[in-house]
**Student:** 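Attaching a single structure in structure tokens format; questions to follow.
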Number of protein chains: 2
Amino acid sequence: MVYRRTPKMQSRIDAAREQIVTAAHRLVAESGYGGTGIPDIAKEAGVSTGSVYVHFPSKTALFSEVYQRASRHEIEAFREVAEAHGTARERLARMVETFARRALAGRKLAWALLVESVNQEIDAERLRFREPYRAIIEDVINEGINADEFVYQDARVTSMCIVGAIVEALVGPLSNALETDEEGRLVDSLTQVCLRSAGPINSEPRG
Amino acid sequence: MVYRRTPKMQSRIDAAREQIVTAAHRLVAESGYGGTGIPDIAKEAGVSTGSVYVHFPSKTALFSEVYQRASRHEIEAFREVAEAHGTARERLARMVETFARRALAGRKLAWALLVESVNQEIDAERLRFREPYRAIIEDVINEGINADEFVYQDARVTSMCIVGAIVEALVGPLSNALETDEEGRLVDSLTQVCLRSAGPINSEPRG
DNA sequence: TTAAGAATTGAACTCCAGTTCATTCTTTTG
DNA sequence: CAAAAGAATGAACTGGAGTTCAATTCTTAA
């Protein structure tokens with residue numbers, strides 16, 4: 001008459017955990033962190049409030065996992081572009097476009113990941129989320145420097161700046177959707193700014 | 001036997017209000033928004049908790065005023081640099097440096113004004129705080145475009161990006177102070193990135 | 001089948017910053 | 001000076017989100 005956790009039971013538990021993370025993801029993508037309570041998540045996942053706390057010690061911990069998963073996915077897409085063929089300049093342009101376009105495609109989630117005010121812990125999470133992007137950009141810039149595409153520079157600072165620039169340019173549009181053509185123009189301009197920030201570019205004709 | 005508010009009384013009231021705002025300012029500059037409660041402010045201002053609510057309908061409203069004042073001061077300094085003599089490029093460089101240096105000189109306050117997580121209302125305040133900087137930068141860029149110093153571009157987007165770049169580059173250093181020389185290097189690099197982002201620059205020798 | 005122990009439940013609880021308001025103190029004016 | 005009205009006080013309250021835990025249900029193994 002002893003109970004031991006069997007594989008079957010384990011997979012039930014794992015499934016519940018998965019349900020919770022998935023539900024949380026869906027709800028953040030809909031209402032952000034602040035608009036999503038634990039009871040909401042539990043309901044959406046088909047479990048009880050208490051169960052959530054069996055799997056995660058706190059709301060912050062749960063969202064930390066949600067953010068990390070969402071990040072990993074996004075960052076893989078980003079890295080693919082960074083490692084594709086082409087000059088550093090071409091790749092950097094595509095990277096900026098990819099970042100911006102994907103963020104605008106999932107506005108609420110991107111907003112939650114990039115800018116939503118929450119608390120210090122989640123803020124730290126956010127900074128950690130931005131870091132991989134920065135690092136990837138830094139690498140491409142360094143490649144560009146070595147290939148004489150970009151002037152010599154502190155690629156670390158430039159990459160930070162590019163991340164900051166993209167986020168700042170997206171803050172508004174993430175809250176209030178743009179028309180398709182406006183979005184296109186924004187992404188184009190943003191790409192141009194980021195390319196210039198990394199180094200010299202042939203000057204374009206005026207007006 | 002009717003009481004009417006006399007000039008003397010009015011100035012008492014105004015003085016109290018002023019004390020409150022000043023106290024709040026001091027405390028934010030020390031502990032940020034989150035670390036500063038209304039009772040703390042009341043104590044520091046030498047009034048009661050309730051009095052704070054006579055002058056301001058909410059904590060948010062009070063801080064809104066504190067932020068606006070701090071902003072006005074900063075933005076005036078910024079505008080002065082923007083309107084000084086020199087080419088657009090020279091002025092832009094000084095603007096970036098001014099912004100960064102002043103922020104780093106009052107780290108906690110700058111952090112509260114620029115990046116501290118609070119709530120949507122204060123977030124909106126923050127965006128409003130950034131806007132004047134952006135607009136001033138936009139003007140200088142447009143002057144630079146007209147003077148053929150910068151390539152033709154959407155100055156609105158570039159100015160957003162510059163604000164975002166500066167803030168992103170400062171987020172870390174605002175939390176954990178840098179050594180003086182590190183700070184100098186950061187400001188230099190940041191300035192270079194921002195100048196490049198606005199337009200062509202003579203390429204620097206490598207390595 | 002049944003007892004032991006694990007998993008789940010969800011109503012109730014905690015916590016705490018922001019806010020309130022009955023009371024007290026001040027000022028004005030007849 | 002006394003009455004009326006305003007200003008100030010600060011202990012107590014509140015609201016709501018996050019969290020807990022006694023009770024219940026389910027699973028295992030003898």
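If you're wondering where the values come from, they're calculated on a predicted model, not measured in any experiment. In the text below, chain A, chain B and the rest are named by the order of the sequence lines, each starting its count at 1.
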**Student:** State whether Arg5(A) places a side-chain N or O below 4.0 Å from either non-bridging phosphate oxygen (OP1 or OP2) of dA7(C).
**Tutor:**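 So the side-chain polar atoms of Arg5(A) do come within 4.0 Å of the phosphate oxygens OP1 or OP2 of dA7(C), strictly under.
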
**Student:** Any salt bridge between Arg126(A) and Asp123(A), counting N to O under 4.0 Å?
**Tutor:**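 Yes.
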
**Student:** Take atom CD1 of Ile41(A) and atom C1' of dG10(C), then tell me their distance rounded to the nearest Å.
**Tutor:**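 Taking CD1 of Ile41(A) and C1' of dG10(C), I get 16 Å after rounding.
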
**Student:** Give a yes/no on whether any side-chain N or O of Arg12(A) is located under 4.0 angstrom from OP1 or OP2 of dA6(C).
**Tutor:**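 No, because none of the side-chain N or O atoms of Arg12(A) sits under 4.0 Å from OP1 or OP2 of dA6(C).
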
**Student:** What is the distance from CG of Asp40(B) to C1' of dG18(C), rounded to the nearest Å?
**Tutor:**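 Checked: the CG to C1' distance equals 12 Å.
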
**Student:** Between dT28(D) atom C1' and Met9(A) atom CE, what is the distance in whole Å?
**Tutor:**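 Result: 11 Å.
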
**Student:** Round to a whole Å and report the spacing from CD1 of Ile20(A) to C1' of dG10(C).
**Tutor:**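 After rounding, the gap between these two atoms is 14 Å.
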
**Student:** Quick one: are Thr6(B) and Gln10(B) in side-chain contact, heavy atoms under 4.5 Å?
**Tutor:**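 No; the side chains remain at least 4.5 Å from each other.
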
**Student:** Any side-chain donor-acceptor pair under 3.5 Å between Gln68(A) and Glu125(A)?
**Tutor:**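 Short answer, yes.
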
**Student:** Would you check if the side chain of Glu168(A) reaches a backbone N or O of Ala165(A) as a donor-acceptor pair within less than 3.5 Å?
**Tutor:**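 No, Glu168(A) side chain to Ala165(A) backbone: no donor-acceptor pair under 3.5 Å.
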
**Student:** Among Ile162(B), Val167(B), Leu190(B), find the residue that satisfies the side-chain contact (heavy atoms from CB on, under 4.5 Å) test when tested with Cys161(A).
**Tutor:**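 Single side-chain contact (heavy atoms from CB on, under 4.5 Å) partner of Cys161(A) among Ile162(B), Val167(B), Leu190(B): Leu190(B).
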
**Student:** When the distance from CD1 of Ile13(B) to C1' of dT27(C) is rounded to whole Å, what number comes out?
**Tutor:**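 Interatomic distance, CD1 of Ile13(B) to C1' of dT27(C): 11 Å.
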
**Student:** Would Glu65(B) and Arg69(B) pass as an ion pair if we require N to O under 4.0 Å?
**Tutor:**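 Yes, charged N to carboxylate O under 4.0 Å.
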
**Student:** Whole angstroms only, please: what is the CD1-C1' distance between Ile38(B) and dC16(C)?
**Tutor:**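 About 14 Å, once rounded to whole Å.
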
**Student:** Listed in order of residue number, which residues of residues 43-67 of chain A have a non-hydrogen atom at under 4.0 Å from DNA chain C?
**Tutor:**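 Close to the strand are Val47(A), Ser48(A), Thr49(A), Gly50(A), Ser51(A).
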
**Student:** Once you round it to whole Å, what is the distance between P of dA17(C) and CG of Asn119(A)?
**Tutor:**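 These atoms are roughly 14 Å apart.
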
**Student:** Would you please indicate if the ring centroids of Tyr133(A) and Phe99(A) are separated by under 6.0 Å?
**Tutor:**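 Yes, the ring centres sit under 6.0 Å apart.
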
**Student:** Nearest whole angstrom, please: distance from the C1' of dG18(C) to the CD1 of Ile122(B).
**Tutor:**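 The distance from CD1 of Ile122(B) to C1' of dG18(C) comes to 13 Å, rounded to the nearest Å.
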
**Student:** Identify, between Thr6(B) and Tyr33(B), the residue whose nearest nucleotide on DNA chain C lies closer to the 5' end.
**Tutor:**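 The answer here is Tyr33(B).
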
